[in-house]
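Computed from a predicted structure; not experimentally measured.
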Amino acid sequence: MAVGWMTALKLVPWGDVIEATPQILQAARRLLGQTQKGPAAAAAPLPNGTEDGLAALRQRVQALEAEQQASAVLIGSLAEQNAQLVRTVDALRVRSQRLTIAVALTGVATVGLLAWALGGN
């Protein structure tokens, strides 16, 4: 079991993961900060004037669009990392199947050789 984990850890492109981690953390913190203060800004009353109200609404829409864009970038980055992990797990699954077949064939060969050796005496 430990060999499987070691193989999995060797297959992960750690350079890419380590390189992308600061940007992902930064984006996640910004997104968290925006969402935490978002409802308070949305609850703020609109100015009474029609022009002022429209300007405030436009600012809110722009802020929401910026937040949505930041979320999309973060989700895209997380999706790419997830895809890398899925590829790695799939490669490990294939290796595990091949090793299982190799062990089974080795066991059959060992039993055959043992039977041949004991039958020859």
Salt bridge (Lys or Arg N to Asp or Glu O under 4.0 Å) contacts in which one or both residues fall within residues 82-92, not counting sequence neighbours: Glu80-Arg87, Asp90-Arg93
CG on Leu64 to CD on Gln68, rounded to 0.5 Å: 8.5 Å
Measure the CG-CG distance between Leu85 and Leu92 for me, rounded to the nearest 0.5 Å. 10.5 Å
Listed pairs under 3.5 Å, donor-acceptor, residues 96-107 side chains, sequence neighbours left out:
residue	atom	partner	partner atom	Å
Thr100	OG1	Ser96	O	2.8
Thr106	OG1	Ala102	O	2.7

Side chain to side chain contact (heavy atoms under 4.5 Å, CB included) partner of Val61, chosen from Arg58, Glu65, Gln59: Glu65
Does the Ser71 side chain pair with the main chain of Glu67, one donor and one acceptor, at a distance under 3.5 Å? yes
